[in-house]
Amino acid sequence: MGKGQRAVHTYKSSGYIEQPRDNDELLSGRKEGGLFKAAPRTSASLLKEQAAEPAPAVVAKAAAKAESPAAEAEDASQELSAVPTFILVTTYLSYLMLIVFAHMRDFLGKIFHPEEYTQLRVQNGFAPMVSDFESLWIRRLYGRIRDCFNRPITGVAGGRVSLLERFSTDFNRSFQFTGRLHNVLNLASYNYLGFAQSEGPCADKVEEALREGGITQGSTRSEAGRTMLLAETEDMVARFVGAEAALIVSMGYATNALNIPTLATKGCLIISDELNHSSLVTGARLSGASIRVFRHNNTRDLEKQLRRSIAQGQPRTHRPWKKILVVVEGLYSMEGEFCKLPEIVELRRRYKFHLFVDEAHSVGALGKRGRGICDHFGVDPREVDILMGTFTKSFGAAGGYIAGSRALIDHLRLHSHSAVYAEAMSVPVLAQVSSSMRMIMGEDRENAVLGQQKLDQLAINSRYFAQGLRDLGFMTLGDAGSPVVPLLLFNPAKIPAFSRECLRRNIAVVVVSYPATPIITGRVRFCISASHTRADLDYALEQISEIGDLLMLKFHKGVAPKALPEHAGKME
């Protein structure tokens with residue numbers, strides 16, 4: 001069997017567990033009352049089943065538009081442009097006041113407490129380590145809300161997580177632990193399929209692998225680190241994503257930062273989406289190639305950049321580019337949006353560039369078989385030159401992979417720093433990746449149905465939660481079916497307030513503000529998992545609704561609130 005035939009065959013490897021499906025390609029026909037309920041045709045019909053009264057006309061209209069990705073993107077832009085002017089003005093004024101008062105405190109502090117500002121002055125001829133403005137932002141703005149970030153946990157970050165209680169007596173400069181634990185609902189982890197667990201089939205496979213192979217090889221893969229388990233897992237990854245070969249890297253960030261410089265060098269051009277992850281930006285800068293940026297998810301602007309770059313060629317010499325590499329993400333984790341892969345693939349056919357797709361958040365979480373963004377849009381994986389993904393999200397492990405043609409992977413094995421100098425992936429992590437992926441693919445026949453159930457449950461939970469927030473009147477971002485659901489907070493004072501109010505109600509969330517997002521669009525980013533039950537999501541929606549009323553976050557007036565079940569507010 002040829003390479004291409006093998007890829008196509010394995011792309012349908014879970015065909016033997018096919019069951020009746022609905023229009024959304026989710027399993028249907030299951031008994032009511034079970035852990036995994038039958039999937040509806042649309043998000044609107046799902047809400048009709050759960051609500052005590054019929055869904056409002058607004059929800060039905062939104063569900064009708066959900067069939068068109070272009071309509072979704074248009075609606076998202078219209079929502080942002082429809083933000084009340086009062087909210088925008090007060091947000092800018094709030095940041096202005098914070099910065100003005102921060103400068104005033106620094107001005108007076110340098111006069112009355114100069115010993116606290118020695119790190120910002122030139123000392124013995126050495127320049128300060130950080131710029132004044134950068135230090136100002138960290139000390140006066142970020143520092144005041146540090147308690148909302150980097151909260152320590154213990155145990156497994158599953159549907160619920162144990163949070164270590166801490167407090168500060170010096171305005172968040174340092175923290176002390178009380179020794180108490182809080183069991184909270186986890187809406188902050190990328191545990192999309194719920195494989196991050198200390199018991200179950202995957203945990204049993206990891207324990208078995210530890211007994212047989214130990215913990216680690218203690219070597220790089222180019223010396224003694226390439227084991228049979230590593231080779232088998234790389235072949236499995238290639239089959240899973242529909243590529244000829246794959247290379248596994250022990251660190252997800254390094255998968256981009258150390259492999260992109262091997263793919264593009266001086267004389268090449270990298271065209272990158274403006275909201276690409278930091279690892280992609282780092283890899284592009286390390287490569288030495290010329291870099292151009294196109295507007296986020298805007299294929300028209302991408303085509304303009306391509307036409308201009310091809311016509312002008314390299315700077316000064318105007319020679320043709322050695323290579324043009326377009327870099328995008330499958331699912332943008334800060335926006336909850338899918339890349340427009342079919343349109344980008346069409347541009348690739350026309351302009352003959354190389355396409356790099358980062359599937360860190362989309363592989364395992366999108367598509368009816370969990371194959372990622374290609375599976376979601378029905379695009380042949382061989383239309384993408386380089387498929388990158390990580391195991392830290394959907395697979396509950398660590399590290400990442402690069403998949404593509406066999407010639408490409410052989411080149412990376414010989415020249416990439418991540419393959420030549422970095423340590424090989426440890427045995428327990430490889431076992432976790434292998435067991436979870438086999439379960440999703442259906443190759444683990446004992447747990448094949450469970451793997452497909454997790455995929456279906458994630459899709460149901462994501463749509464249910466996102467639609468519930470919109471029904472309550474919140475302004476959210478992202479595409480339908482995305483496991484990442486951003487909710488806009490805007491005002492800087494509401495960012496820590498929302499996080500602290502959620503913690504008081506035993507809910508763990510991630511809040512994000514500038515510089516990770518534009519200064520006007522501070523947000524909370526909910527991460528939905530297949531391990532969340534309907535009771536978990538109903539409780540979260542009820543508590544978030546109360547917080548929204550308290551902080552005045554419901555900008556969509558006139559939308560009828562969703563009726564919640566009686567047990568929603570009774571979670572311990």
Ignoring hydrogens and angles, state whether a donor on the side chain of [X] or [Y] is under 3.5 Å from an acceptor on the partner side chain.
X	Y	value
S272	R292	no
Y332	N297	no
Y421	S222	no
S418	N259	yes

Next on the checklist: Donor-acceptor pair, distance only, cut-off 3.5 Å: does the side chain of H354 make one with the backbone of L325?
Outcome noted: no
Checklist entry - Can you tell me if Q432 uses its side chain to pair, donor with acceptor, with the backbone of A397 under 3.5 Å? => result no
Any side-chain heavy atom of [X] sitting closer than 4.5 Å to one from [Y]?
X	Y	result
R307	Y351	yes
F391	M437	yes
R285	I291	yes
L469	V485	yes
R413	R221	yes
I520	L88	yes
L258	Y253	no
L355	L347	no

Checklist outcome for this item: Those residues at least two apart in sequence (or on a different chain) that pass salt bridge (Lys or Arg N to Asp or Glu O under 4.0 Å) with D235 are none
Checklist outcome for this item: Residues at least two apart in sequence or cross-chain that pass salt bridge (Lys or Arg N to Asp or Glu O under 4.0 Å) with R295, listed by chain then number, are D301
Could you pull out the closest heavy-atom pair between [X] and [Y], with the gap in Å?
X	Y	result
T390	A360	OG1-O, 3.4 Å
A284	I260	N-CG2, 3.9 Å
G313	W321	O-CZ2, 3.3 Å
T517	T521	OG1-O, 3.5 Å
S333	V484	O-CG1, 3.0 Å
V326	L306	CG2-CD2, 4.3 Å

Next on the checklist: Please evaluate residues F555 and F490 with respect to the criterion ring pair (Phe, Tyr, Trp, His ring centres under 6.0 Å), reporting the C-alpha separation (whole Å), side-chain torsions for both, the decisive distance (0.1 Å), and the verdict.
Outcome noted: CA-CA 11 Å; F555 305 117; F490 295 106; 5.4 Å; yes
Next on the checklist: R300 vs E343, test: salt bridge (charged side-chain N to carboxylate O under 4.0 Å, His left out). Steps then yes/no.
Outcome noted: CA-CA 10 Å; R300 290 186 179 180; E343 298 179 23; over 6 Å; no
Item to check | Verdict with supporting geometry, I373 and V357, side-chain contact (heavy atoms from CB on, under 4.5 Å) | outcome: CA-CA 9 Å; I373 195 69; V357 178; 4.1 Å; yes
Item to check | Verdict with supporting geometry, R239 and E244, salt bridge (charged side-chain N to carboxylate O under 4.0 Å, His left out) | outcome: CA-CA 7 Å; R239 296 198 309 271; E244 291 183 2; over 6 Å; no
With sequence neighbours excluded, give me every salt bridge (charged side-chain N to carboxylate O under 4.0 Å, His left out) pair touching [range].
range	result
residues 245-263	none
residues 514-530	E335-R523
residues 347-362	E303-R350, E346-R349, R348-E383, R348-D385, R349-E383

Checklist entry - P320: what forms a side chain to side chain contact (heavy atoms under 4.5 Å, CB included) with it, not counting sequence neighbours? => result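 Side chain to side chain contact (heavy atoms under 4.5 Å, CB included) list for P320, sorted by chain: empty.
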Next on the checklist: Can you tell me how far apart OG1 (T255) and CG (L280) are? Round to the nearest 0.5 Å.
Outcome noted: 10.5 Å
Next on the checklist: Students often mix this up, so state it plainly: with edges at 30° and 60°, are the rings of Y192 and Y190 parallel, tilted or perpendicular?
Outcome noted: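 The arrangement is tilted - the two ring planes meet at 30° to 60°.
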Checklist entry - More than 12 foreign heavy atoms under 6.0 Å from CZ of F149: is that the case here? => result yes
Next on the checklist: Within the supplied structure, the quantity of interest is the number of heavy atoms (other residues, nucleotides, ligands) at a distance under 6.0 Å from H411 NE2; does it exceed 12?
Outcome noted: yes
Next on the checklist: Could you walk me through whether V512 and M334 satisfy the side-chain contact (heavy atoms from CB on, under 4.5 Å) test, starting with their C-alpha distance in whole Å, then the side-chain angles of each, then the deciding distance to 0.1 Å, before giving a yes or no?
Outcome noted: CA-CA 9 Å; V512 190; M334 205 62 70; 3.6 Å; yes
Checklist entry - Hey, mind stepping through Y401 and V241 against side-chain contact (heavy atoms from CB on, under 4.5 Å) and telling me if it holds? => result CA-CA 11 Å; Y401 67 86; V241 300; 3.5 Å; yes
Next on the checklist: Go through it in stages, so that I can follow the logic: the residues are K266 and K322, the test is side-chain contact (heavy atoms from CB on, under 4.5 Å), and I'd like the CA-CA distance, side-chain angles, deciding distance and then a yes or no.
Outcome noted: CA-CA 9 Å; K266 186 177 180 180; K322 295 179 180 178; 5.7 Å; no
Next on the checklist: Working note: E232 + R438, criterion salt bridge (charged side-chain N to carboxylate O under 4.0 Å, His left out); need CA distance, chi angles, decisive distance, verdict.
Outcome noted: CA-CA 11 Å; E232 291 176 352; R438 288 182 68 236; over 6 Å; no
Item to check | Test log, rule ring pair (Phe, Tyr, Trp, His ring centres under 6.0 Å), inputs Y95 and Y514 | outcome: CA-CA 10 Å; Y95 275 108; Y514 179 85; 7.5 Å; no
Item to check | Charged tip of K454 within 45° of F195 ring normal and under 6.0 Å | outcome: yes
Checklist outcome for this item: Which of T265, T262, I270, L263 passes side-chain contact (heavy atoms from CB on, under 4.5 Å) with S287? Answer is I270
